[in-house]
Amino acid sequence: MRGISDTYVGHIHSRVSLTVRGDFDPKEITSLLGCEPKVAWKKGENVRISEKLTPTKSKTGHWHISVEAAEDIEHAIVALFDKLLPDVDWLALADRCTVQVSCGLWLSGYNQGFNLGKETLKLLSQRRISIDFDIYHDELLA
């Protein structure tokens, strides 16, 4: 398996997040997953996603946790799921809500690419969780 830290020349900072969206009470998701969210709100609440923006009424409920890491994305994904209860009924959750893992990578140099191993892909696909990647160049990491 070839992870980004195996092939990349430079410094890496990453953040992996799990987000659940739908019509729910965030306390229900907290109880189901066994972890306090970093950010959560109910559908219809006034939400300010940035200090620069005016609060707006949310169209959906939102529950979010994240893990910061300097290592490869796969380790961060595993660390994220290690924070959660092991017996979550992911299929029932995916039937009711949108569940997504987002990976942010900040790189100090060029990107040689990376892959996710079959065990990580299996972990996500068995839970019907989509994955999203955002890759940035950050000169401050050099």
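Remember, predicted model here, so these are calculated numbers, not experimental data.
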Sequence-distant partners of Asp89, side chain to side chain donor-acceptor pair (under 3.5 Å), two or more places apart
none
Who are the salt bridge (Lys or Arg N to Asp or Glu O under 4.0 Å) partners of Arg21, not counting sequence neighbours?
none
Could you grab the distance from atom CZ of Arg15 to atom OG of Ser66, nearest 0.5 Å is fine?
6.0 Å
List for me each residue that meets salt bridge (Lys or Arg N to Asp or Glu O under 4.0 Å) alongside Asp82, sequence neighbours excluded, and say none if there are none.
none
Residues two or more places apart in sequence or in another chain: which of them pass salt bridge (Lys or Arg N to Asp or Glu O under 4.0 Å) with Glu28?
Arg96
Partners meeting side chain to side chain donor-acceptor pair (under 3.5 Å) with Thr30 (sequence neighbours left out):
Trp63
Answer yes or no: is there a side-chain heavy-atom contact under 4.5 Å between Arg128 and Leu91?
yes
d(Thr60 OG1, Lys43 NZ) to nearest 0.5 Å is 7.0 Å
Sorted by chain and number, sequence neighbours left out, side chain to side chain contact (heavy atoms under 4.5 Å, CB included) with Lys42 holds for Asp25, Pro26, Glu45
Close side-chain approach of Val67 and Lys83, heavy atoms under 4.5 Å
yes
Are Ile77 and Phe133 connected, step by step, through hydrophobic side chains (Ile, Leu, Val, Met, Phe, Trp, Tyr) whose heavy atoms are closer than 4.5 Å?
yes
Value for CG (Asn115) from CD (Glu74), rounded to nearest 0.5 Å, stands at 7.0 Å
Does the side chain of Gln126 reach to within under 4.5 Å of the side chain of Lys122, using non-hydrogen atoms?
yes
Mind checking what makes side chain to side chain contact (heavy atoms under 4.5 Å, CB included) contact with Lys59, not counting sequence neighbours?
none
Once side chain to side chain donor-acceptor pair (under 3.5 Å) is applied, do any residues pair with Thr19, and if so which ones, sequence neighbours excluded?
His64
Please list, chain by chain and in numerical order, all residues satisfying side chain to side chain contact (heavy atoms under 4.5 Å, CB included) with Asp132, sequence neighbours excluded.
Gln100, Ser102, Asp134
Supply the atom-to-atom distance Ile131 CD1 to Leu18 CG, rounded to the nearest 0.5 angstrom.
11.0 Å
Ring pair (Phe, Tyr, Trp, His ring centres under 6.0 Å) with Phe81: which residues, sequence neighbours excluded?
Trp90
For Leu116 and Leu121 the tightest heavy-atom approach is O-CD1, 3.7 Å
Please name all residues satisfying side chain to side chain contact (heavy atoms under 4.5 Å, CB included) with Leu85, sequence neighbours left out, ordered by chain then number.
Asp87, Val88
Rounded to the nearest 0.5 Å, how far apart are CG of Leu32 and CG of Leu93?
5.5 Å
Pairwise distance CD1(Ile73) to OG1(Thr120) - rounded to 0.5 angstrom:
10.5 Å
Pairs meeting criterion ring-ring contact (aromatic ring centres under 6.0 Å, His included) with involvement of residues 18-51, two or more places apart:
Trp41-His62
Counting only N and O atoms by type, is there a donor-acceptor contact under 3.5 Å from the side chain of Ser14 to the main-chain atoms of Gly104?
no
Considering all heavy atoms of both residues, which atom of Leu80 and which atom of Ser17 are nearest to each other, and what is their separation?
CD2-C, 3.9 Å
Contact between Pro37 and Val20 at the side-chain level, heavy atoms closer than 4.5 Å - yes or no?
no
